[in-house]
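In listed order, ligands and their atoms are each counted from 1.
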Amino acid sequence: MDNFTGKVAFITGGASGIGLGMAKAFSGAGMKVAIADVRQEALYKAVGELQRTGAVVLPIQLDVTDRARWAEAADEVEAALGPVQLLCNNAGIALPPGPIQDATWEDWDFCMGINLGGVVNGVQTFARRMIAHAAGGHIVNTCSIGGLVAGAGEGIYTTAKYGVAGLTEELRNDLWPHGIGVSLLCPGPTLTQLFASSDAVHPEGMPTGYVRKPLPGQAPGQPAPMVPFAVAPDEVGRRVLKGVQRNDLFIMTHPEFRNIIKARCDALLAAIGDEDIPSARRDFAASLNQDKIYAGQIAAGGPSWKS
Ligand SMILES: NC(=O)c1ccc[n+]([C@@H]2O[C@H](COP(=O)([O-])OP(=O)(O)OC[C@H]3O[C@@H](n4cnc5c(N)ncnc54)[C@H](O)[C@@H]3O)[C@@H](O)[C@H]2O)c1
């Protein structure tokens, strides 16, 4: 997608942080933006901020776990701004860190419902509408470095984000014949209100195995800060704009995680080994052409089962 002028973006979690950063980048490129969020007050604050830059912006109150509301929200945006050509499934929460075995059922449902279920609901709502509109488009799903490698002590979050990665890579494959690009945004630490907003949307009285402890430098009663060396969400927004322009599969923001990602890839390859296999098995695997997804060659032909 390289011409953004007058087109419509729908961004969940758009009231703050990375979602707002994307809204600024895309409105700066000439798009009309619908920002969807569950927090009404944050939504109006963000609308004010965007309007001051001259953006055309529509606030949509949406809990991304509410499937019926998704359909209404899509109708509202289409009626007010026109068909959506860029969908950013970005809303997410972070539970306080802690071992998986401490989780309650409710912790699982809360985190999986928003971080993975919210992306599923966005795709279910908009993919067919975008295909029917027959004007191409793009979908960006917000994952995380935590969706590529484990070990940060946030097992449910990691589980959900690995799910987002799988969904997104398959979706890229499925939507390329329709001229719709798909990207996986994998930010590292970004200076947002993620901890504070996660606590704000946490259902009151919900049984949980996790307690958020004050972070170093956090004053009593003040929202939990993100790590101080985190990057600015507006910078992430600009990277997403560039990634959509180039139709990148992966949009990365933090090169300092290169070695950790490489360690996982190396461990996978080492586990596979190099044993001899019958040529029929080798030929079958090669015939699937799955490597093209990762080589960015989908536009040049795509996997063989599609042809
Ligand atoms: N900040 C980071 O370091 C970081 C790193 C990697 C990935 N991410 C991911 O980036 C995305 C955006 O997070 P952020 O860091 O900008 O935090 P943020 O808190 O600034 O933004 C998240 C927004 O999602 C909204 N939200 C939460 N639950 C919702 C729901 N059920 N329905 C609709 N909206 C809901 C919140 O109200 C908030 O405005 C998340 O998916 C997060 O997992 C963040």
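- Backbone and side-chain nitrogen or oxygen atoms of Ile18 are examined, and one is located within less than 3.5 angstrom of a nitrogen or oxygen of ligand 1.
- Those atoms of ligand 1 with a heavy atom of Arg39 less than 4.0 angstrom away are 36 (C), 37 (O), 38 (C), 39 (O).
- Between Ala15 and Ala46, the shortest heavy-atom distance links the atoms O-CB, 3.5 Å.
- Residue-ligand proximity, Gln193 to ligand 1, at heavy-atom distances under 4.0 Å covers atoms 19 (O), 20 (O).
- Below 3.5 Å of separation, one finds no N or O of Thr142 facing any N or O of ligand 1.
- Residue contact check: Gly92 has heavy atoms under 4.0 Å from atoms 22 (C), 24 (O), 27 (C), 40 (C), 41 (O) of ligand 1.
- Residue-to-ligand polar distances place Asp63 within reach of ligand 1: an N/O pair is separated by less than 3.5 Å.
- Checking Ser197, Pro233, Ala15 against atom 19 (O) of ligand 1, the nearest heavy atom belongs to Ser197.
- Of all atoms in ligand 1, numbered sequentially from 1 with element shown, those under 4.0 Å from a heavy atom of Val38 are 29 (C), 30 (C), 32 (N), 33 (C), 34 (N), 35 (C).
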Evaluate Ser183 against Asp248 for side-chain hydrogen bond (donor to acceptor under 3.5 Å, both in side chains), listing each step before the verdict.
CA-CA 6 Å; Ser183 298; Asp248 289 341; over 6 Å; no
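- Between Thr190 and His254, the closest side-chain pair of non-hydrogen atoms falls below 4.5 Å.
- Of all atoms in ligand 1, numbered sequentially from 1 with element shown, those under 4.0 Å from a heavy atom of Pro189 are 3 (O).
- Within ligand 1, counting atoms from 1 as listed, the ones closer than 4.0 Å to a heavy atom of Gly17 are 16 (O), 20 (O).
- Annotation for ligand 1: atoms under 4.0 Å from non-hydrogen atoms of Gly13 are 23 (C), 24 (O), 25 (C).
- Contacts of Phe110 classified as ring-ring contact (aromatic ring centres under 6.0 Å, His included), with partners at least two apart in sequence or in another chain: His202.
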Check: Passes side-chain contact (heavy atoms from CB on, under 4.5 Å), Met252 versus Ile145? Steps please.
Finding: CA-CA 9 Å; Met252 307 298 290; Ile145 292 292; 4.0 Å; yes
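- Considering backbone and side-chain atoms together, Val201 places no N or O closer than 3.5 Å to any N or O of ligand 1.
- By the 3.5 Å distance cut-off applied to N or O atoms, Thr190 is counted among the residues near ligand 1.
- Contact check on Glu235 versus Arg238 returns a salt bridge, with a Lys/Arg side-chain nitrogen under 4.0 Å from an Asp/Glu carboxylate oxygen.
- Counting only residues at least two apart or on different chains, the side-chain hydrogen bond (donor to acceptor under 3.5 Å, both in side chains) pairs with a member in residues 21-30 are Lys24-Glu49, Lys24-Asp234.
- Residue nearest to atom 8 (N) of ligand 1, selected from Phe195, Tyr157, Phe110: Tyr157 (by heavy-atom distance).
- Counting heavy atoms closer than 4.0 Å to ligand 1, residue Ile114 contributes side-chain atoms (C-beta onward) but none from N, CA, C or O.
- Of all the heavy atoms of Ala196, none lies under 4.0 Å from any atom of ligand 1, so neither backbone nor side chain is involved.
- Counted within 6.0 Å of CD on Gln101, heavy atoms from surrounding residues, nucleotides or ligands total more than 12; the atom is thus considered enclosed.
- Looking only at distances, no side-chain donor or acceptor of Lys7 sits under 3.5 Å from a matching main-chain atom of Gly30.
- Note: Phe126 and Phe10 have tilted aromatic rings, judged against thresholds of 30 and 60 degrees for the angle between ring planes.
- Once rounded to the nearest 0.5 Å, the distance linking CG of Asn89 with CG of Asn115 reads 11.5 Å.
- Using a non-hydrogen distance threshold of 4.0 Å, Gly113 does not register as a contact of ligand 1.
- Using a 4.0 Å cut-off to heavy atoms of Ile93, the atoms of ligand 1 that qualify are 27 (C), 28 (N).
- Remark: side-chain polar atoms of Asp107 are paired, donor with acceptor, to backbone N or O of Thr104 under 3.5 angstrom.
- By the 4.0 Å heavy-atom criterion, Gly146 is excluded from the residues contacting ligand 1.
- Only the backbone of Leu62 comes within 4.0 Å of ligand 1, counting heavy atoms alone; no side-chain atom from C-beta on gets that close.
- Polar contact with ligand 1: absent for Asn115 (N/O pair, distance under 3.5 Å).
- A salt bridge links Arg129 with Asp75: the distance from a Lys NZ or Arg NE/NH1/NH2 to an Asp or Glu carboxylate oxygen falls below 4.0 Å.
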